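Notes follow once the structure below has been shown.
Since we're looking at a predicted model, the values are computed, not measured.
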Amino acid sequence: MSKPLVFVVTPGHGHVNPTLPLVEELVARGHRVTYVTGARLLPAVAASGATPLERPWDPSILASGAGQPFDPAIVVAAILRTQEQLEQTYPAMVAHLQRDCPDAICYDTLDTLGPLLAEKLDVPAVELVPSMASNEHFNLRGVLAPEGNVDGLRALFAEIVEARAKFRAANGLIALDTESLITNPPAPLNLVFVPREFQVAGDTFDSRFVFLGPALGSRASAGDWRSPCDGSPVLFVSLGTMLNNRPDFFAQCIEAFSNSHWHVVMAVGETVKLPPVPDNIEVAPYFPQPLVLASAELFVSHTGINSTMESLYNGVPLVSVPQMPEQALNGGRVEGLGLGRQLDPEAITPRLLRQTVDEVANSPVIRENVSKFGEQLRAVNGPSLGADAIERLLG
């Protein structure tokens with residue numbers, strides 16, 4: 001039976017993109033999906049078959065501290081700004097959804113609007129987890145703690161706790177303890193867009209967590225990029241869409257791979273300006289990532305979880321250049337599973353980049369590991385598993 005569903009997702013490519021194949025599957029099954037996110041991502045949402053619904057969003061929030069060393073205080077400031085936007089958005093969103101109440105609200109793990117709407121409307125909640133999930137054995141929030149000091153992070157969050165508590169009281173929502181105000185407790189159903197094999201402490205997660213792994217859906221063939229006609233091996237370089245204001249790093253890549261046997265495809269974002277590059281290097285703000293990875297031999301990446309999963313799905317090994325602690329966790333997991341290597345972003349030189357890329361590309365062990373891992377990912381129909389789980393929850 002067709003169900004009206006609402007997705008509420010943080011307006012970032014790494015949060016929205018993993019969910020779109022699931023949305024496509026739900027729409028194909030006849031469900032009516034309304035998808036709430038920022039304006040820049042609404043065209044991709046509409047292409048999935050969902051009804052897009054814009055939420056006010058300042059895109060600079062996710063770029064706070066771009067080009068600077070990672071600082072938890074900057075993260076806290078960004079969360080406070082999202083809280084301000086939530087307070088402005090919440091009343092109109094409640095009124096809109098009360099006119100056409102959904103059977104469930106599926107919300108991004110970083111998003112506070114979704115669970116508040118589910119609570120207010122008294123409908124089932126489904127948490128969408130684009131990164132590693134958290135439970136009593138592993139908590140991703142601890143990765144962000146200054147020097148591993150979770151108490152220090154809790155102190156940084158004191159202002160957030162106060163703002164969220166005041167908001168709940170003003171809107172007639174039940175009071176929560178401090179820990180629940182810092183992070184959402186697990187929902188009755190949690191859909192995780194990484195495989196259990198990649199998840200830290202993966203065997204400790206119970207039946208509330210369904211590990212879908214990555215899927216590409218219609219994005220797999222979207223875009224107009226073409227691989228080089230001369231058959232040169234493709235090296236993809238990208239630091240993602242957030243913390244990519246690193247002209248120094250991209251200049252090192254140009255020096256490392258100029259006039260080499262590599263055909264370098266380098267996504268530099270919208271702020272970096274570079275001098276003319278050799279013929280074997282393509283530079284653009286962005287490329288259709290799944291399409292490039294389908295032809296790539298290797299990916300030099302920040303190892304954001306979405307980029308990491310798309311690379312492994314295509315059987316492409318990674319050289320990790322993380323820009324924040326969560327990305328370092330992903331890169332360390334890649335190296336630990338024998339799927340690539342991780343570099344210290346502050347110690348990179350053109351020579352080290354070239355040497356590491358060539359070593360990974362020529363490693364038969366890494367090649368075999370990545371090939372097998374990619375086969376395992378492609379063998380799982382994550383969108384179908386996720387849709388089945390939502391339908392079971394709703395009965």
Side-chain angles (χ1 to χ4, degrees), residues 1-12 15-16 18-20 22-23 25-27 29 31-37 45 50-51 53 55 79 82-83 85-87 89-136 139-141 164-165 167-168 171-177 179-194 205-212 382-383 385-395:
M1 181 182 296
S2 173
K3 302 285 187 181
L5 305 169
V6 170
F7 278 55
V8 184
V9 179
T10 300
H15 295 265
V16 171
T19 70
L20 296 181
L22 172 60
V23 171
E25 176 68 19
L26 290 166
V27 171
R29 295 186 182 196
H31 300 295
R32 181 163 52 89
V33 179
T34 299
Y35 200 114
V36 182
T37 193
V45 166
T51 299
L53 181 59
R55 65 188 295 181
I79 293 173
T82 63
Q83 178 68 24
Q85 290 201 336
L86 179 147
E87 292 175 7
T89 304
Y90 177 81
M93 198 64 66
V94 169
H96 180 91
L97 296 181
Q98 282 177 333
R99 292 193 294 269
D100 183 18
C101 193
D103 281 9
I105 291 181
C106 308
Y107 60 84
D108 182 74
T109 191
L110 289 185
D111 200 283
T112 51
L113 176 60
L116 288 171
L117 293 173
E119 181 179 347
K120 186 70 173 181
L121 299 173
D122 193 24
V123 298
V126 178
E127 185 168 341
L128 308 168
V129 188
S131 56
M132 293 193 201
S134 297
N135 65 3
E136 63 274 15
N139 193 319
L140 187 58
R141 192 176 80 251
R164 289 178 175 175
F167 175 83
R168 296 185 68 87
N171 287 275
L173 300 168
I174 62 170
L176 296 177
D177 58 37
E179 195 67 20
S180 296
L181 287 168
I182 292 176
T183 182
N184 299 326
L189 173 61
N190 303 268
L191 303 180
V192 187
F193 295 92
V194 301
F205 287 80
D206 59 30
S207 59
R208 295 172 298 168
F209 296 83
V210 180
F211 289 86
L212 309 182
L385 289 177
D388 288 347
I390 291 173
E391 289 176 343
R392 284 196 302 270
L393 177 71
L394 300 182

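Atoms OG1 and CG, on T51 and L5 in that order, are 11.5 Å from each other to the nearest 0.5 Å. One finds the CD1 atom of I390 at 5.0 Å from the CG atom of L26 (value rounded to the nearest 0.5 Å). Atom CZ of F205 is separated from atom CD of E136 by 8.0 Å, given to the nearest 0.5 angstrom.
For the pair L394 and P124, the minimum side-chain heavy-atom distance is below 4.5 Å. When side chains are defined from C-beta on, K3 does not count as touching E391, because their heavy atoms never get closer than 4.5 Å. Under the 4.5 Å side-chain criterion, counting only non-hydrogen atoms from C-beta, D206 is not in contact with N135. In this structure the side chain of L117 reaches within 4.5 angstrom of the side chain of V94, judged on heavy atoms. With contacts defined as side-chain heavy-atom distances shorter than 4.5 Å, the pair L189/V210 qualifies. Counting heavy atoms from C-beta on, the side chains of T112 and F167 never come closer than 4.5 Å.
Residues satisfying the side-chain contact (heavy atoms from CB on, under 4.5 Å) test with T37, not counting sequence neighbours, are P11, V16, Y35, L41, L42, V45. For L53, the side-chain contact (heavy atoms from CB on, under 4.5 Å) criterion is met by T34, V36, M93, H96, not counting sequence neighbours.
Looking at K120, its side chain does come within 3.5 Å of a backbone N or O of N171 through a donor-acceptor pair.
Residues F209 and S134 approach most closely at CZ-O, 3.8 Å, considering heavy atoms. In plain terms, the two heavy atoms of S131 and V192 that are nearest each other are O-CG1, 3.7 Å. When all heavy atoms of V123 and C101 are compared, the closest pair comes out as CG1-SG, 3.9 Å. Between L121 and P102, the shortest heavy-atom distance links the atoms CD1-CD, 4.1 Å. Annotation for P130 and P18: closest pair CB-CG, 4.3 Å, computed over non-hydrogen atoms. In this structure, A125 and A118 approach most closely via the heavy-atom pair CB-CB, 4.0 Å.
Just one of L128, L113, L116 meets the side-chain contact (heavy atoms from CB on, under 4.5 Å) condition when paired with V8; it is L113. Checked options T10, T109, D108; the residue passing with H15 is D108 (criterion: side chain to side chain donor-acceptor pair (under 3.5 Å)).
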Problem - Steps toward side-chain contact (heavy atoms from CB on, under 4.5 Å) verdict (L191, T19) - result: CA-CA 10 Å; L191 303 180; T19 70; over 6 Å; no

Exercise for the section: Given side-chain contact (heavy atoms from CB on, under 4.5 Å), test D111 with R55 step by step and report yes or no. Expected result: CA-CA 12 Å; D111 200 283; R55 65 188 295 181; 2.5 Å; yes

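With respect to the salt-bridge test (charged N to carboxylate O, under 4.0 angstrom), the residues R29 and D388 qualify.
Other residues, nucleotides and ligands place more than 12 heavy atoms under 6.0 Å from the CG atom of D177.
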